[in-house]
Amino acid sequence: MIILGIESTAHTFGAGIVKDEPEYILADVRAKYVPEKGGIHPREASLYFMREAPRVVTEAMQIAGLSINDVDGIAVALGPGMGPCLRVGATVARALSVYFNKPLIPVNHAVAHIEIGKLITGAKDPLIVYLSGGNTIIAAFVAGRYRIFGETLDMPLGNFMDTFVREVGLAPPYVVKGVHQLDRCAEESKEKKILNLPYVVKGQDVSFSGLLTAALRLVRSGKAKLEDVCYTVREIAYSAIIEVSERGLAHTGKKEVLLVGGVAASGVLRSKFEAMAASRGIDVKVVPPKYAGDNGVMIAWTGLLAFKHGITVEPERAYVRQRWKLDQVDVPWGDP
Ligand code: FE2
């Protein structure tokens, strides 16, 4: 079985092609929208996607050495994400499905981050820590779905980190040679001591907006060195994630942790998870950087799993869902 997957939820338009074992990944082509300044502007990103989509899909087919006739189904990320961006991917996928008479498979972007993580790391039944620009979720598979055990009450971790470094003049670019500017700046702190900034964990949930406001105020007051504020901000933000993850492990009894999403690439965060996991005698698995960010392969792979369980959607009913939550998706293939 061969599936073409299309991703367009945020900054990346991606086309991936996968098949069943043993070689899963046949092609992975991405076009990433990088704003000149500020955050992602959804309409600008969608215009960029429209220009890039034909090239990305054609190149993926060429790399796989296939024609669209060889494909068994077309998977598309219908949400969650930014409306204008989602609509480009959905339009391309619906058009291909109708024109070439191929089944259309709806995929939830969050589920796809988890499934590619499980595929590549071999995690079977982990506590999932999904950290990206748009999401901060602690989840685990229970009774047919990925249930949410904790999340952010306001900003996702990645958005928080990006906003902080942008506001203090360290970005863009946000990530240089695989290291986020916040981690980079924090390493320059000589004293490495925690300044007085708010640490907010409420039950199972985290919150970063108060930390952002207070940290920016401290930087602008000139009362602390930027690198010392970076260090404090990073330690507080990561520690909050570790705390809710550890509680998630205690609640669910899961024996492994899987880190997925773009922020999972942070080496510092990973080492904190490893320290926590060692004390509990559990394994930590991290999706490799290549597949931590958004890509078409994860959509194709999740589409393949779904299609094997008969999940398809009529093209005229394939609406985008900007707020399609992880725990609204049935996962009939998820039993470990
Ligand atoms: Fe993502």
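For clarity, every value in this text was computed on a predicted model and none was experimentally measured.
At a threshold of 4.5 Å between side-chain heavy atoms, the hydrophobic network of Ile, Leu, Val, Met, Phe, Trp and Tyr places F100 and I3 in one connected group. Linking ILVMFWY side-chain heavy atoms closer than 4.5 Å, directly or via other members, places I2 and V76 in a single hydrophobic cluster. In this structure, I241 is not a member of the same hydrophobic cluster as L153, with clusters built from ILVMFWY side-chain heavy atoms closer than 4.5 Å. A continuous path of ILVMFWY side-chain contacts below 4.5 Å connects M1 to I105, so both sit in one hydrophobic cluster. Hydrophobic clustering (ILVMFWY, side-chain heavy atoms < 4.5 Å, transitive): L182 and L226 are in one cluster.
Here the side chains of Y174 and R166 are in contact, with some heavy-atom distance below 4.5 Å. In this structure, K118 and V260 have side chains that are not in contact, with every pair of non-hydrogen atoms separated by 4.5 Å or more. You'll find the side chain of V287 stays beyond 4.5 Å of the side chain of L259, heavy atoms only. Using a 4.5 Å cut-off on side-chain heavy atoms (C-beta onward), R247 and Q204 make contact. Side-chain contact check for D205 versus V244: every heavy-atom pair is 4.5 Å or farther apart. E256 is not listed as a side-chain neighbour of I282, based on a closest heavy-atom distance of 4.5 Å or more. A heavy-atom distance below 4.5 Å is found between the side chains of M276 and L249. Looking at heavy atoms from C-beta onward, P126 lies out of side-chain contact with K254 at the 4.5 angstrom threshold.
A donor-acceptor pair under 3.5 Å is absent between the side-chain atoms of T12 and the main chain of G14, judged by distance alone. At distances below 3.5 Å, not a single donor-acceptor pair connects side-chain atoms of R30 with backbone N or O atoms of G296. When atom types are taken as modelled, the side chain of E191 and the backbone of D228 share no donor-acceptor pair closer than 3.5 angstrom. Looking only at distances, no side-chain donor or acceptor of R55 sits under 3.5 Å from a matching main-chain atom of R51. Using a distance-only test at 3.5 Å, with no hydrogens or angles considered, no donor-acceptor pair links the side chain of D154 to the main chain of S207. The main-chain N or O of V176 is found under 3.5 Å from a side-chain atom of R184 such that the two form a donor-acceptor pair. The backbone N or O of G89 sits less than 3.5 Å from a side-chain atom of S8, completing a donor-acceptor pair. Within the 3.5 Å criterion, the main-chain N or O of V297 finds a donor-acceptor partner in the side chain of N295. Looking at N159, its side chain never comes within 3.5 Å of a backbone N or O of P156 through a donor-acceptor pair. A donor-acceptor pair is defined here as one N or O able to donate and one able to accept, closer than 3.5 Å; no such pair exists between the side chain of D330 and the backbone of P332.
The side-chain hydrogen bond (donor to acceptor under 3.5 Å, both in side chains) test applied to S97 returns no partner, not counting sequence neighbours. Looking at residues two or more places apart in sequence or on another chain, you find no salt bridge (Lys or Arg N to Asp or Glu O under 4.0 Å) involving R87. Judged as a side-chain hydrogen bond (donor to acceptor under 3.5 Å, both in side chains), and not counting sequence neighbours, Q181 has no contacts. Evaluation of the side-chain hydrogen bond (donor to acceptor under 3.5 Å, both in side chains) rule for K19 yields no partner, not counting sequence neighbours.
Nearest heavy-atom pair across A300 and A75 is CA-CB, 4.4 Å.
Distance check: I311 CD1 to L104 CG gives 13.0 Å after rounding to the nearest 0.5 Å. Between the CD1 atom of I128 and the CD1 atom of I114 there is a distance of 4.0 Å, given to the nearest 0.5 Å. Distance check: I17 CD1 to Q62 CD gives 10.0 Å after rounding to the nearest 0.5 Å. Summarising the geometry, atom CD1 belonging to I138 is positioned 10.5 Å from atom CD1 belonging to I148; distances are rounded to the nearest 0.5 Å. Between N108 atom CG and L78 atom CG the span is 9.0 Å, to the nearest 0.5 Å. Residue C85 holds its SG atom at 10.5 Å from CG of D294, rounded to the nearest 0.5 Å.
Checked against the 6.0 Å centroid threshold, Y130 and H113 count as a close aromatic pair.
Alongside I194, the hydrophobic cluster contains Y231 (criterion: ILVMFWY side chains under 4.5 Å). F149 belongs to a hydrophobic cluster with V142, counting contacts under 4.5 Å between side-chain heavy atoms of Ile, Leu, Val, Met, Phe, Trp and Tyr, direct or through other members.
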Original post:
Step by step, would you call D72 with K102 a salt bridge (charged side-chain N to carboxylate O under 4.0 Å, His left out)?
Top reply: CA-CA 7 Å; D72 295 293; K102 299 288 179 186; over 6 Å; no
**OP:** Tell me, with the steps shown, if Y199 and E235 meet side-chain hydrogen bond (donor to acceptor under 3.5 Å, both in side chains).
**Re:** CA-CA 10 Å; Y199 175 96; E235 292 300 307; over 6 Å; no
Subject >> Trace of the side-chain contact (heavy atoms from CB on, under 4.5 Å) decision for L96 with I6 >> reply: CA-CA 11 Å; L96 290 171; I6 294 187; 4.1 Å; yes
**OP:** Please assess L66 against L26 for the test side-chain contact (heavy atoms from CB on, under 4.5 Å), listing each intermediate value before the final yes or no.
**Re:** CA-CA 9 Å; L66 298 171; L26 304 182; 4.0 Å; yes
Original post:
Checking side-chain hydrogen bond (donor to acceptor under 3.5 Å, both in side chains) for the pair Y238/E243: CA distance, chi angles, key distance, verdict?
Top reply: CA-CA 9 Å; Y238 289 180; E243 182 185 336; over 6 Å; no
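Residue F164 forms a side chain to side chain contact (heavy atoms under 4.5 Å, CB included) with just one option from L211, L212, L170, and that option is L212.
For K192, the NZ atom sits in a packed shell: over 12 heavy atoms of surrounding residues, nucleotides or ligands are nearer than 6.0 Å. No more than 12 heavy atoms of other residues, nucleotides or ligands lie within 6.0 Å of NZ in K32, so this atom counts as exposed by the packing criterion.
Ionic pairing of D283 and K255 is not present here: no N-O contact between side-chain nitrogen and carboxylate oxygen is shorter than 4.0 angstrom. A salt bridge does not link E314 with R94: every distance from a Lys NZ or Arg NE/NH1/NH2 to an Asp or Glu carboxylate oxygen is 4.0 Å or more.
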